[in-house]
Amino acid sequence: MKKILLVEDNPADVLLTRRVFAQADIDAEIVVAEDGVTALEMLAGTTEPKVSDPVLILMDINMPRKNGKDVLKEIKATTRLRHIPVVMLTTSDAREDIRESYENYASGYIVKPARLGDFMKAVETLKKFWFETVTLSSDD
Amino acid sequence: MTDTPNSADQASAASVLQAILDTTVDGLITIDARGRIIAFNKACERIFGYAADEVRGRNVSCMMPEPYHDEHDGYLERYHNGGEARIIGKGREVRGLRKDGSTFPLDLAVAKVEVDGHVLYSGIVRDITERKQAEAKILLQNEELGRFAFMASHDLKEPLRSIEAFAEILSLDYADKLDAEGQNYLEILMSSASRLRAVVNDVLEYSRLDTDLGSAEEFDAGKVLKQLRDELRDQLEQTGGQVTMEELPVLRGDRVRFYRLLQNLISNALKYCPPERQPEVHVSAALHNDFWQFRVQDNGIGIDPEYYSVIFEMFKRLHTRDTYSGTGIGLAICRRIVENWEGEIWIEAAPENGSVFCFTFPATTGMISGEGT
């Protein structure tokens, strides 16, 4: 089964994202990394569960140990990983965060919507684009 | 008896004058047309650290750091030859140079005096070091407060989003498991969270107003208002409201902020209208010398003149939440936006019902857009 790596330290947001993804009926398993360092270890296969080739990475920005922007930079600097689309999913709507993310090759930037309905709409759009429209390099 | 003063009287008057000069808190320096010091009172001795005898006859530029030092003679000469007066007759903030080499900020006011056909200049000097330090401290504290408001409101957003989302999930998935009282509590929870979000967003926006300055561009105020009217279409249809305008000017500045200002003022005008009345908002602008004065007139409930001066203050609300909702920050945001382009904002009573919010915007062109309807 396809895997989505969700890098998110807030358990409430993990629960919420899982619920909205399930509701959107996205055909992929969500694997959670609780912070940036763990995410990189899971991608490198040094920490369980190993997620060596997810179809998509959803990345929070404000996290302990290593923030999402730094994790993004490391992923894009790693030949084996740089083809994986990384979509930032964060509360921050600061201009510098948005700009810096795109400068470091983020594939998208979603400000976590306040309302559940809006979050659902954002995830539906995500699904349409990444799972129904584009062809990913890891697709068979 | 005559009124002609005798020499004893003259001597006494001179001593009185000298005593006044010596006890004046502000420094007084008198120079001749070539800039040489003629008189230097006690306050000047204290301010500059020189004794009067040390400086009498010297050029006053010895108490000026660069660039004033080198420019002073040239400045006096230009002024004598009919040039522009930068300080004389006006007053200005400059820097002074003490005997020990240290410099300090001072307020300087210079007057031209003519005695027996000789031109003299008399300067009043006030050391404003403490005032400048206090100003710098206030500025720093304001910056810190701004950063604090930004961080606090930013960090509040995340838990608040969770509260809202999970309350919504409860109401969607578990409402039928709650009795009427439980459902009431849930509704209170949701409406409180949503009100808190409005406050947090407004505080965040307010705290960003001084830092996230947009770039200046030329824009058509009429087009901005039309764009806003399109955005408000649903609200206008629901209330039967109308937004009309006269021909508005082409401006140069921060278009996004200008849009936000009109959005706040017009949304208020639509909101604060008695339910039985259809809201009417009319926007006009008139050129006054070097600025445009905009008027946003409504037919709403109006504002008691008693509150005209406080309505732009933060968290100032004139109505209960049950009557009209709001965060009490909207007009404070408006004032801050207008202040950022060095304009003014105020309120006037409308001729019949309602209020007129007026604000100014610097006029860079006298152009009218022709977008009025």
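Order of the sequence lines fixes the chain letters, A, B, ..., with proteins taken first and strands second; residue numbering starts at 1 for each chain.
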To the nearest 0.5 Å, tell me how far [X] [atom1] sits from [Y] [atom2].
| X | Y | atom1 | atom2 | value |
| --- | --- | --- | --- | --- |
| B:S162 | A:D13 | OG | CG | 5.0 Å |
| B:L156 | A:T91 | CG | OG1 | 12.0 Å |
| A:Q23 | B:L172 | CD | CG | 8.0 Å |
| A:K112 | B:E158 | NZ | CD | 4.5 Å |
| A:R115 | B:R161 | CZ | CZ | 13.0 Å |
| B:E164 | A:L116 | CD | CG | 10.5 Å |

Over 12 non-hydrogen atoms of neighbours within 6.0 angstrom of [atom1] in [X]:
| X | atom1 | value |
| --- | --- | --- |
| A:R82 | CZ | yes |
| B:E205 | CD | yes |
| A:E132 | CD | yes |
| A:D27 | CG | no |
| A:Y105 | OH | no |
| B:Q242 | CD | no |
| B:E344 | CD | no |

Review point. Side chain, backbone, both or neither: which part of A:N10 has a non-hydrogen atom closer than 4.5 Å to chain B?
Key: side chain
Point to revise | Contacting moiety of A:T90, where chain B heavy atoms sit under 4.5 Å | key: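 A:T90 has no heavy atom closer than 4.5 Å to chain B.
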Review point. Would you say A:V111 and B:K157 make side-chain contact, with heavy atoms under 4.5 Å?
Key: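 Side chain of A:V111 against side chain of B:K157, heavy atoms only: no contact under 4.5 Å found.
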Check your understanding: Which region of B:I169, side chain (C-beta onward) or backbone (N, CA, C, O), has a non-hydrogen atom less than 4.5 Å from a non-hydrogen atom of chain A, or is it both or neither?
Key ->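 Contact with chain A: backbone and side chain both.
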Review point. Non-hydrogen atoms of chain A under 4.5 Å away: do they reach the side chain of B:N201, the backbone, both or neither?
Key: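 No part of it gets close to chain A.
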